[in-house]
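First up is the structure itself, then whatever we jot down about it.
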Amino acid sequence: MVTKQLKGSAKDEADVTRADSLAREIFSDIANKWALLIIEALGERTLRFTELRNEIEGISHKMLTQNLRLLERNGLVERTVHPTVPPRVEYTLTEPGRALRATVDAMCDWTHRYLGHIESARHRFDA
């Protein structure tokens, strides 16, 4: 993974509209369906890999692994390895991850609120 080096001002790096900004890279890492579902599934809990995979229907082992690594890299998920045989690995949201979860929760609420409207719009569009 390549991390963008800060080239400009902090304002430039925080601008998600700039293709070369660090903010856009971070936004890209977290603004995908799997990352959002992982954040929602973890919530206030600590889960093992298999438990997390069972919580998110349709996610493959590979996609869960890749997204957990991205979330860990960005400081949103903490991975804890317990020295047992076999090793027990657990995942939990960090403070920034819990703060992001509030936004994810709001998106879930929005989806529930407007699901019927969106479904009707799709039917009209597809007709």
Side-chain angles (χ1 to χ4, degrees):
M1 287 183 201
V2 176
T3 299
K4 295 191 184 301
Q5 298 296 314
L6 297 179
K7 297 179 288 286
S9 69
K11 181 181 175 193
D12 290 341
E13 289 303 318
D15 184 354
V16 295
T17 63
R18 289 178 50 113
D20 63 342
S21 72
L22 181 58
R24 173 141 345 152
E25 181 182 331
I26 295 165
F27 190 76
S28 177
D29 288 349
I30 62 174
N32 73 70
K33 70 178 177 181
W34 298 124
L36 296 174
L37 291 171
I38 290 166
I39 291 165
E40 182 63 20
L42 279 173
E44 297 295 325
R45 305 180 292 172
T46 297
L47 296 174
R48 295 177 71 176
F49 185 92
T50 304
E51 294 170 324
L52 191 50
R53 187 167 175 209
N54 291 338
E55 288 284 321
I56 305 169
E57 187 175 324
I59 193 167
S60 69
H61 186 280
K62 178 181 176 180
M63 288 308 298
L64 181 55
T65 299
Q66 287 176 347
N67 279 275
L68 283 169
R69 286 181 181 160
L70 276 175
L71 292 170
E72 183 181 7
R73 179 175 184 251
N74 286 303
L76 302 173
V77 168
E78 182 178 342
R79 178 179 183 264
T80 304
V81 180
H82 298 278
T84 60
V85 179
R88 190 174 88 237
V89 181
E90 296 176 330
Y91 298 90
T92 190
L93 293 177
T94 61
E95 189 276 324
R98 288 189 300 274
L100 179 58
R101 183 170 172 252
T103 300
V104 174
D105 285 346
M107 290 174 64
C108 290
D109 291 344
W110 176 89
T111 302
H112 290 123
R113 182 175 180 180
Y114 291 104
L115 189 63
H117 173 83
I118 293 167
E119 186 177 29
S120 296
R122 285 181 171 191
H123 286 303
R124 284 191 309 274
F125 184 87
D126 293 341

(request) To the nearest 0.5 angstrom, please state how far the CZ atom of Arg113 sits from the CD1 atom of Ile118. (result) 11.5 Å
(request) Kindly say whether Asp15 contributes a backbone atom to a donor-acceptor pair with the side chain of Arg24 at under 3.5 angstrom? (result) no
(request) Take Asn32 and Asn67 through the test side chain to side chain contact (heavy atoms under 4.5 Å, CB included) and record every step on the way to the result. (result) CA-CA 9 Å; Asn32 73 70; Asn67 279 275; 3.2 Å; yes
(request) Determine, step by step, whether Arg101 and Glu44 satisfy the side chain to side chain contact (heavy atoms under 4.5 Å, CB included) criterion, reporting the C-alpha distance in whole Å, the side-chain angles of both residues, the deciding distance to 0.1 Å, and the verdict. (result) CA-CA 9 Å; Arg101 183 170 172 252; Glu44 297 295 325; 3.7 Å; yes
(message) Any heavy-atom pair between the side chains of Leu76 and Leu100 that's under 4.5 Å?
(response) yes
(message) Tell me the closest heavy-atom pair linking Ala35 and Asp29, and the distance in Å.
(response) CB-O, 3.8 Å
(message) In this structure, would Ile59 and Leu93 fall into the same cluster of hydrophobic residues linked by side-chain contacts under 4.5 Å?
(response) yes
(message) Per the salt bridge (Lys or Arg N to Asp or Glu O under 4.0 Å) rule, what does the pair list look like for residues 54-68, sequence neighbours excluded?
(response) Arg45-Glu55
(message) Are Arg98 and Glu95 packed together at the side-chain level, in the sense that at least one heavy-atom pair is separated by less than 4.5 angstrom?
(response) yes
(request) To the nearest 0.5 Å, tell me how far Arg79 CZ sits from Thr94 OG1. (result) 15.5 Å
(request) Kindly compute the distance separating CG (Leu70) from CD (Glu25), expressed to the nearest 0.5 Å. (result) 9.0 Å
(message) Hydrophobic clustering (ILVMFWY, side-chain heavy atoms < 4.5 Å, transitive) - are Trp34 and Val104 grouped together?
(response) yes
(message) With ring-ring contact (aromatic ring centres under 6.0 Å, His included) as the rule and sequence neighbours excluded, what pairs involving residues 38-64 come up?
(response) Phe49-His61
(message) Counting C-beta onward and ignoring hydrogens, is there a side-chain heavy-atom pair between Leu36 and Ile30 closer than 4.5 Å?
(response) no
(message) Could you measure the distance from the CE atom of Met107 to the CG atom of Asp109? Nearest 0.5 Å is fine.
(response) 11.0 Å
(message) Under the rule for side chain to side chain donor-acceptor pair (under 3.5 Å), what residues qualify as partners of Arg88, not counting sequence neighbours?
(response) His82, Glu90
(request) Look up atom OG1 in Thr65 and atom CZ in Arg69, then write down how far apart they are to the nearest 0.5 Å. (result) 6.0 Å
(message) Taking Leu68 as the starting point, is it possible to reach Leu47 by hopping between hydrophobic residues whose side chains are less than 4.5 Å apart?
(response) yes
(message) Return the CD1 to CD1 distance between Ile56 and Ile38, rounded to the nearest 0.5 Å.
(response) 5.0 Å
(message) Running the 4.5 Å side-chain criterion over Ile, Leu, Val, Met, Phe, Trp and Tyr, what cluster does Phe125 land in, apart from itself?
(response) none
(message) Can you confirm whether Leu42 sits close enough to Thr92 that some side-chain heavy atom of one is under 4.5 Å from a side-chain heavy atom of the other?
(response) no
(request) Just grab all the ring-ring contact (aromatic ring centres under 6.0 Å, His included) pairs involving residues 103-122, residues at least two apart or on different chains. (result) Trp110-Tyr114
(request) Check each of Leu64, Leu71, Val77 against Tyr91 using the side-chain contact (heavy atoms from CB on, under 4.5 Å) test, and report the only one that passes. (result) Val77
(request) Check ring-ring contact (aromatic ring centres under 6.0 Å, His included) between Phe27 and all other residues, then give those that pass, not counting sequence neighbours. (result) none
